[in-house]
Amino acid sequence: RDGEAFVRIEPKLLEHIEVGGLQVWLTPLGPCAGLYPELALEKGGFYVREAGGERARVRFMWAWSAPVKGWERFPAVSTPLGGGAAREAE
(Lines give C-alpha, C1' and ligand atoms only; values in the text may rest on other atoms or scores of the structure.)
Protein backbone atom coordinates (compact mmCIF):
# COMPACT_ATOMS: atom_id res chain seq x y z
CA ARG A 1 0.00 0.00 0.00
CA ASP A 2 1.41 3.37 -0.98
CA GLY A 3 4.69 1.79 -2.01
CA GLU A 4 5.38 -0.02 1.27
CA ALA A 5 4.27 -3.03 3.26
CA PHE A 6 4.94 -4.20 6.80
CA VAL A 7 5.88 -7.83 7.46
CA ARG A 8 5.38 -8.92 11.06
CA ILE A 9 7.69 -11.53 12.56
CA GLU A 10 6.10 -13.80 15.15
CA PRO A 11 7.08 -12.36 18.57
CA LYS A 12 7.98 -15.81 19.94
CA LEU A 13 10.50 -16.20 17.11
CA LEU A 14 12.08 -12.82 17.84
CA GLU A 15 12.78 -14.01 21.39
CA HIS A 16 14.94 -16.85 20.06
CA ILE A 17 16.98 -15.28 17.27
CA GLU A 18 20.05 -13.05 17.08
CA VAL A 19 18.35 -10.06 15.47
CA GLY A 20 21.71 -8.50 14.61
CA GLY A 21 22.19 -11.34 12.11
CA LEU A 22 18.74 -11.06 10.55
CA GLN A 23 18.78 -11.19 6.74
CA VAL A 24 15.80 -10.54 4.47
CA TRP A 25 15.37 -11.57 0.83
CA LEU A 26 12.75 -9.96 -1.40
CA THR A 27 11.55 -10.96 -4.87
CA PRO A 28 9.17 -8.63 -6.71
CA LEU A 29 6.48 -10.39 -8.77
CA GLY A 30 6.11 -7.57 -11.27
CA PRO A 31 7.82 -4.48 -12.61
CA CYS A 32 9.14 -2.01 -10.05
CA ALA A 33 12.22 0.08 -9.29
CA GLY A 34 13.50 -2.58 -6.86
CA LEU A 35 12.56 -3.51 -3.30
CA TYR A 36 14.50 -3.23 -0.07
CA PRO A 37 13.79 -4.15 3.55
CA GLU A 38 13.95 -1.64 6.38
CA LEU A 39 14.14 -3.38 9.75
CA ALA A 40 11.72 -2.15 12.40
CA LEU A 41 12.29 -4.77 15.06
CA GLU A 42 10.99 -2.48 17.80
CA LYS A 43 7.65 -2.80 15.95
CA GLY A 44 8.09 -6.54 15.51
CA GLY A 45 9.04 -6.85 11.86
CA PHE A 46 10.28 -5.02 8.80
CA TYR A 47 9.01 -2.67 6.12
CA VAL A 48 9.31 -3.48 2.43
CA ARG A 49 9.82 -0.34 0.40
CA GLU A 50 10.38 0.44 -3.25
CA ALA A 51 13.69 1.98 -4.27
CA GLY A 52 13.83 5.61 -5.27
CA GLY A 53 10.73 6.53 -3.28
CA GLU A 54 8.53 5.01 -5.99
CA ARG A 55 5.04 3.85 -5.03
CA ALA A 56 4.29 0.88 -7.28
CA ARG A 57 1.72 -1.67 -6.19
CA VAL A 58 3.69 -4.83 -6.81
CA ARG A 59 3.25 -8.18 -5.12
CA PHE A 60 6.39 -9.80 -3.74
CA MET A 61 7.74 -12.91 -2.09
CA TRP A 62 9.91 -12.69 1.00
CA ALA A 63 12.04 -14.87 3.24
CA TRP A 64 14.20 -14.16 6.26
CA SER A 65 16.85 -15.97 8.23
CA ALA A 66 18.71 -15.31 11.48
CA PRO A 67 21.04 -17.25 13.79
CA VAL A 68 19.44 -18.94 16.78
CA LYS A 69 20.38 -17.40 20.15
CA GLY A 70 22.87 -19.57 21.98
CA TRP A 71 23.84 -21.56 18.89
CA GLU A 72 27.53 -20.82 19.58
CA ARG A 73 27.37 -23.06 22.66
CA PHE A 74 27.30 -26.14 20.44
CA PRO A 75 30.64 -27.61 19.31
CA ALA A 76 31.83 -27.01 15.76
CA VAL A 77 31.10 -29.76 13.27
CA SER A 78 34.23 -31.72 12.45
CA THR A 79 35.36 -32.56 8.91
CA PRO A 80 34.32 -36.09 7.89
CA LEU A 81 37.02 -38.73 7.56
CA GLY A 82 38.61 -38.56 4.14
CA GLY A 83 38.29 -34.78 3.95
CA GLY A 84 34.61 -34.71 3.10
CA ALA A 85 35.26 -34.24 -0.63
CA ALA A 86 32.87 -35.88 -3.08
CA ARG A 87 34.35 -38.84 -4.90
CA GLU A 88 33.35 -40.61 -8.07
CA ALA A 89 32.39 -44.27 -7.86
CA GLU A 90 35.23 -46.52 -8.94
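The residues of the chain are indexed from 1 along the displayed sequence.
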Between [X] and [Y], what is the shortest heavy-atom contact and its length?
X: Phe6; Y: Ala40; result: CE1-CB, 4.1 Å
X: Pro67; Y: Gly21; result: CD-O, 3.7 Å
X: Leu41; Y: Leu22; result: CD2-CD2, 3.9 Å
X: Gly30; Y: Val58; result: N-CG2, 3.5 Å
X: Leu14; Y: Gly44; result: CD1-CA, 3.9 Å

Can you pull out every salt bridge (charged side-chain N to carboxylate O under 4.0 Å, His left out) where at least one residue sits in residues 20-34? Sequence neighbours excluded, please.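 Every candidate salt bridge (charged side-chain N to carboxylate O under 4.0 Å, His left out) pair involving residues 20-34 fails, so no pair, neighbours aside, qualifies.
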May I have all residue pairs that pass salt bridge (charged side-chain N to carboxylate O under 4.0 Å, His left out) and include part of residues 16-29, sequence neighbours excluded?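 For residues 16-29, and leaving out neighbouring residues, there are no salt bridge (charged side-chain N to carboxylate O under 4.0 Å, His left out) pairs at all.
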What pairs with Leu13 under side-chain contact (heavy atoms from CB on, under 4.5 Å), at least two apart in sequence or on another chain?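 Checked Leu13 against side-chain contact (heavy atoms from CB on, under 4.5 Å); matches are Ile9, Glu10, Trp64.
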Applying side-chain contact (heavy atoms from CB on, under 4.5 Å), can you list everything that pairs with Glu15, at least two apart in sequence or on another chain?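 Testing Glu15 for side-chain contact (heavy atoms from CB on, under 4.5 Å), a comparison that skips the adjacent residues, returns none.
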I want to check something: taking the side chain as every heavy atom from C-beta on, are Val24 and Val48 in contact at a cut-off of under 4.5 Å?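 Side-chain contact under 4.5 Å: no.
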Rounded to the nearest 0.5 Å, how far does CH2 of Trp62 lie from CG of Leu35?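 Going from CG on Leu35 over to CH2 on Trp62, the span is 14.0 Å.
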Say you draw a straight line from OG1 of Thr27 to CE of Met61; how long is it, rounded to the nearest 0.5 Å?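 If we round to the nearest 0.5 Å, Thr27:OG1 and Met61:CE are 4.5 Å apart.
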Selection residues 43-54 - residue pairs positive for side chain to side chain donor-acceptor pair (under 3.5 Å), sequence neighbours left out: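 Listed by first then second residue: Glu4-Arg49, Glu38-Arg49, Lys43-Tyr47.
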Tell me the ring pair (Phe, Tyr, Trp, His ring centres under 6.0 Å) pairs involving residues 8-45, sequence neighbours left out?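 Residue pairs with at least one partner in residues 8-45: there are none.
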